[in-house]
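A short worksheet on the structure shown next.
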Amino acid sequence: MSALPAAAPPSDLHIERGASLRAFNTFGLPSNAHTLVRVRSAADLRRVVNDPELGRARKFVLGGGSNLVLTRDVDACVLKMEITGIRLLETRDDAWIIEAGAGVGWHELVSWCVDHGLPGLENMALIPGTVGAAPVQNIGAYGIELKDRFDSLDAIDLITGRTVTLDAAQCRFAYRDSVFKHELAGKSVITNVRLRLPRPWVPVLGYLELERKVAETGISAPDARQIFDWICAIRRAKLPDPAVVGNAGSFFKNPVVTPEQCRDIIGRDPHVVHYPLDDGSFKLAAGWLIDACGWKGKSIGRAGVYEKQALVLVNRGGASGAEVVTLARAIQESVYGRFGIRLEPEPVVW
Ligand code: EPU
């Protein structure tokens with residue numbers, strides 16, 4: 001098991017000027033960074049804060065670039081998070097606590113846990129992006145959200161350079177949302193995340209596509225490795241691999257509506273996919289709404305709607321961020337026109 005680096009590396013900051021960001025965003029959109037700093041430790045971040053020039057500059061935190069639409073150059077100091085290391089921090093009676101650096105790939109962490117007999121993250125296999133970005137939008141898939149496995153995190157305050165530790169309540173997790181999208185946006189940078197994997201492990205199989213796998217294979221008590229393999233197969237079958245087709249995962253959040261709004265939409269189309277939530281509201285499947293408006297497989301310029309999942313916008317080759325935004329707006333308008341629902345984009349648009 002690798003350890004997190006304990007002390008600052010002796011080297012100076014690694015700074016690039018005018019660096020291309022095309023390879024650093026999963027949409028593959030063209031954009032250059034005024035300044036790019038490769039952050040390999042919390043100490044690197046403190047150096048940035050204390051640097052006379054970099055300390056004053058506007059900051060842009062870049063993880064895996066998997067939730068990002070770049071429409072122009074980034075005239076800020078890009079902090080490319082490359083803090084590595086995964087370790088089992090503690091084995092308690094009721095949980096394993098693991099810690100990972102912000103720059104570790106999320107899927108790498110999930111695979112590491114499965115390989116080391118530490119179950120609990122397998123439903124979130126193959127989610128693109130880094131560990132440091134995971135709490136920002138409270139990533140989730142197939143019945144589990146990050147908040148369900150979260151212990152605490154460390155972040156560096158970009159004004160003072162101090163380390164702050166936040167627990168789940170302080171992170172204010174909600175559906176694809178956290179404090180890092182609001183009060184702490186641009187103010188603090190996550191360096192390490194600690195996850196809590198409950199013991200004994202209980203598989204989460206309630207999601208329809210997993211129930212189908214259980215029925216198809218006859219494996220009624222799958223282990224974490226089996227669920228990991230199923231999730232990878234399910235995602236590969238319907239989501240494009242960013243290494244092959246540029247994309248940023250789900251482009252819009254699933255809208256949450258009141259019971260009255262839900263009734264109105266069912267009146268417009270009785271087939272609308274909707275799920276009741278605990279608080280009485282309803283979550284609608286944005287992919288279904290977009291599909292119902294006839295967008296699947298369509299393109300505007302070099303940006304398109306993925307053939308197998310209408311919630312995913314793709315770069316058909318050489319698209320600009322502006323083309324992606326034009327397509328997204330056209331989709332928003334048609335969904336609003338037909339269903340009266342305003343879709344909210346999930347990625348950060350710069
Ligand atoms: N649907 C359609 N047509 C489409 C796409 C979807 O009719 O083109 C229908 C499906 O048949 C299904 C419903 O819409 O009845 C929901 O689709 P799906 O199960 O694929 O899930 P989703 O709501 O589109 C969400 C997350 C995904 C996550 C999956 C699985 C959001 C915005 N997206 O997608 O997360 O992997 O559930 O849990 O919450 C991401 O955030 O980037 C992401 C991929």
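Ligands are counted one by one from 1 in listed order, and the atoms in each one are counted from 1 as well. Values below: all heavy atoms of this structure, side chains included; hydrogens, waters and symmetry mates excluded. Numbering starts at 1 and runs along the sequence shown.
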Closest approach of any protein heavy atom to atom 38 (O) of ligand 1, naming residue and atom:
Y142 N, 2.8 Å
Which protein heavy atom lies closest to atom 23 (O) of ligand 1, and at what distance to 0.1 Å?
N254 ND2, 2.9 Å
Looking at V273, which atoms of ligand 1 are within less than 4.0 Å of one of its heavy atoms?
15 (O)
Hey, is K296 touching ligand 1 through its side chain, its backbone, both or neither, going by heavy atoms under 4.0 Å?
side chain
Sorted by chain and number, sequence neighbours left out, side chain to side chain donor-acceptor pair (under 3.5 Å) with R236 holds for none
Closest to atom 24 (O) of ligand 1 by heavy-atom distance, out of Q309, E344, K253, Q137, is Q309
closest protein heavy atom to atom 43 (C) of ligand 1 is S250 OG, 3.0 Å
Only one of V114, T130, V193, L121 passes side-chain contact (heavy atoms from CB on, under 4.5 Å) with L109, and that residue is L121
Atom 8 (O) of ligand 1: closest protein heavy atom, distance to 0.1 Å, is A310 N, 2.8 Å
Of all protein heavy atoms, the one nearest atom 3 (N) of ligand 1 is D291 OD2, 2.8 Å
Same apolar cluster: I190 and F173, side chain cutoff 4.5 Å
yes
Identify which of E209, R176, K283, E346 has a heavy atom lying nearest to atom 35 (O) of ligand 1.
R176
What do you reckon, is NE2 of H34 surrounded by more than 12 foreign heavy atoms closer than 6.0 Å?
no
Per-atom contacts of ligand 1 with F252, taking only distances under 4.0 Å to non-hydrogen atoms:
32 (C)
With a 4.0 Å cut-off on heavy atoms, does F251 reach ligand 1?
no
Out of A285, G140, S66, A141, indicate the one that has the non-hydrogen atom closest to atom 13 (C) of ligand 1.
A285
Candidate list S66, P240, P347, test side-chain contact (heavy atoms from CB on, under 4.5 Å), partner T26, passing option:
S66
Name the option, out of W288, Y275, Y175, that contains the heavy atom nearest to atom 32 (C) of ligand 1.
Y175
Quick check on R268: does its CZ atom have over 12 non-hydrogen neighbours (other residues, nucleotides or ligands) under 6.0 Å away?
yes
What heavy-atom pair brings L126 and H107 nearest, and what distance separates the two atoms?
N-ND1, 2.7 Å
Roughly how far, to the nearest 0.5 Å, is CD1 of I266 from NE2 of H271?
11.5 Å
Identify all side-chain donor-acceptor contacts of residues 67-74 below 3.5 Å with residues at least two apart in sequence or on another chain.
unit_1 : atom_1 : unit_2 : atom_2 : d
T71    : OG1    : W350   : O      : 2.6
D73    : OD1    : N32    : N      : 2.8

What atoms in ligand 1 come closer than 4.0 Å to a heavy atom of G249?
42 (O)
Any protein heavy atom under 4.0 Å from atom 10 (C) of ligand 1?
no
In plain terms, say whether D291 and K296 are close enough for a salt bridge, that is, a side-chain N and a carboxylate O under 4.0 Å apart.
yes
R235: heavy atom below 4.0 Å from ligand 1, yes or no?
yes
Got a second to check how far R316's CZ is from Y306's OH, nearest 0.5 Å?
9.5 Å
Short version for Y207: what comes under 4.0 Å of ligand 1, heavy atoms counted, is side chain
In this structure, does ligand 1 have an atom that sits under 4.0 Å from one of the heavy atoms of Y306?
no
Nearest protein heavy-atom contact for atom 18 (P) of ligand 1: which residue, which atom, what distance?
K238 NZ, 3.6 Å
Between E53 and R17 (salt bridge meaning N to carboxylate O under 4.0 Å), is one present in this structure?
yes
